[in-house]
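Below is one structure, written out as C-alpha cells, with a few remarks after it.
Here the structure is a predicted model, which means the values were calculated and not measured.
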Amino acid sequence: MKKVVLLSVLCVTLALAGGGFLVYRVIDSGFLTGASAERSELIGTWSGPQGARVTLHEDGTAEAVKIPGGFDWSSEKPIGSITGDGTWTLKKKPNAFVDQEITLDLKTGKKVGALIDDLHVLDKGAQGGIYMPISEDSSNKFIFKKSS
C-alpha cells in the first residue's frame with residue numbers, strides 16, 4: 001500500500017512539473033503574449049515563398065524583392081509584388097497580446113513609394129521568422145525565414 005501511495009505522489013509531482021514546464025514554454029515563446037524581438041535580432045536577410053526577400057540593415061536601410069502587394073481573398077495567394085529600397089523601423093509593442101510590427105518605407109520607382117506596415121515578428125526573438133498576415137479572417141501567414 002505504501003508503494004502505491006508513493007508511486008501516486010511521484011506521478012502527480014512529475015505531471016505537475018511537466019505541465020508547469022509546458023506552460024512556461026508556451027508563455028516564453030510569445031504564443032500567448034504576442035511575439036517581440038530586439039532590433040539586432042532582425043538584422044539580416046529574410047527569405048519567403050516564390051523568391052520573396054527582405055533584407056534589414058543595421059543602419060535602418062532595407063531592400064525588398066518580390067514581397068506580396070496583397071493577397072487574393074478567396075485563394076489567399078499573393079497578388080502582385082513589390083521590389084525596392086528604403087528604410088525600416090521596428091514599432092514599439094502596443095500591448096501584450098499582439099505581435100510586434102515592422103514598417104518598411106520603400107521607394108519602388110522614381111516617384112512611387114510603398115509603405116508596408118503589415119510585417120510582424122513571429123515568436124520570441126523572431127525565431128519563427130517574420131510574416132505578413134494573409135487576411136484578418138485567416139490565421140495563415142506569408143512567412144519569411146532568416147537566411148543570413
Side-chain angles (χ1 to χ4, degrees), residues 9-148:
V9 169
L10 181 63
C11 288
V12 168
T13 303
L14 287 174
L16 288 173
F21 178 74
L22 288 175
V23 168
Y24 165 76
R25 292 296 297 161
V26 166
I27 290 171
D28 188 53
S29 72
F31 180 74
L32 294 177
T33 59
S36 63
E38 297 295 322
R39 187 175 168 82
S40 61
E41 294 171 313
L42 298 172
I43 305 301
T45 299
W46 301 82
S47 299
Q50 303 168 350
R53 190 176 70 243
V54 175
T55 302
L56 306 175
H57 299 282
E58 190 172 349
D59 66 358
T61 59
E63 301 159 19
V65 177
K66 294 183 178 179
I67 63 171
F71 297 93
D72 179 84
W73 65 272
S74 61
S75 68
E76 298 188 346
K77 293 187 181 194
I79 300 173
S81 66
I82 299 171
T83 296
D85 298 327
T87 59
W88 71 281
T89 54
L90 179 62
K91 292 183 180 180
K92 288 190 178 194
K93 202 165 180 251
N95 65 55
F97 301 106
V98 298
D99 294 338
Q100 193 170 16
E101 294 181 27
I102 303 163
T103 300
L104 293 177
D105 189 1
L106 303 172
K107 291 177 180 48
T108 57
K110 290 184 180 182
K111 294 184 179 180
V112 179
L115 185 64
I116 310 298
D117 60 356
D118 59 353
L119 271 175
H120 301 268
V121 173
L122 186 60
D123 297 330
K124 184 178 181 183
Q127 292 175 356
I130 59 178
Y131 72 92
M132 297 175 78
I134 302 291
S135 76
E136 292 180 13
D137 300 328
S138 173
S139 61
N140 293 332
K141 299 167 176 60
F142 189 91
I143 299 174
F144 296 84
K145 295 286 188 173
K146 197 164 194 180
S147 54
S148 68

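Between Trp46 and Gly129 the shortest heavy-atom distance is CZ3-CA, 3.5 Å. In terms of heavy atoms, Asn140 sits closest to Ser138 at N-OG, 3.0 Å.
The stretch residues 118-141 participates, sequence neighbours left out, in these ring pair (Phe, Tyr, Trp, His ring centres under 6.0 Å) pairs: His120-Tyr131. Identified under the ring pair (Phe, Tyr, Trp, His ring centres under 6.0 Å) test for residues 61-92, with sequence neighbours left out: Phe71-Phe142. Residue pairs that meet the salt bridge (Lys or Arg N to Asp or Glu O under 4.0 Å) test with at least one member in residues 76-92, sequence neighbours left out, are Lys91-Glu101.
Inter-residue side-chain proximity for Val121 and Lys93 is flagged as unmet; no heavy-atom pair is nearer than 4.5 Å. Looking at heavy atoms from C-beta onward, Ile67 lies in side-chain contact with Leu104 at the 4.5 angstrom threshold. Counting heavy atoms from C-beta outward, Glu63 and Arg53 have side chains that stay 4.5 Å or more apart. Side-chain contact between Leu90 and Leu56 is absent, with no heavy-atom pair separated by less than 4.5 Å.
Note: Ile134 CD1 to Asp72 CG = 10.5 Å, rounded to the nearest 0.5 Å. Taken to the nearest 0.5 Å, the CG atom of Asp117 stands 9.0 Å off from the CE atom of Met132. Distance CG/Leu106 to CD1/Ile82: 7.0 Å, rounded to 0.5 Å. Taking OG of Ser36 as the start and CG of Leu122 as the end, the distance is 12.0 Å to the nearest 0.5 Å.
Checked by atom type, the side-chain pair Thr61/Asp59 shows a donor-acceptor distance below 3.5 Å.
Lys146 places a side-chain N or O within 3.5 Å of a backbone atom of Ile43 that can act as its donor or acceptor partner. Judged by distance alone, with hydrogens and angles left aside, the side-chain atoms of Asp99 form a donor-acceptor pair with the main-chain N or O of Ala35 at under 3.5 Å. Here the side chain of Glu41 pairs no donor or acceptor atom with the backbone of Ala126 at under 3.5 angstrom. A donor-acceptor pair is defined here as one N or O able to donate and one able to accept, closer than 3.5 Å; no such pair exists between the side chain of Thr103 and the backbone of Thr89.
Lys66 NZ: 12 or fewer foreign heavy atoms inside a 6.0 Å radius.
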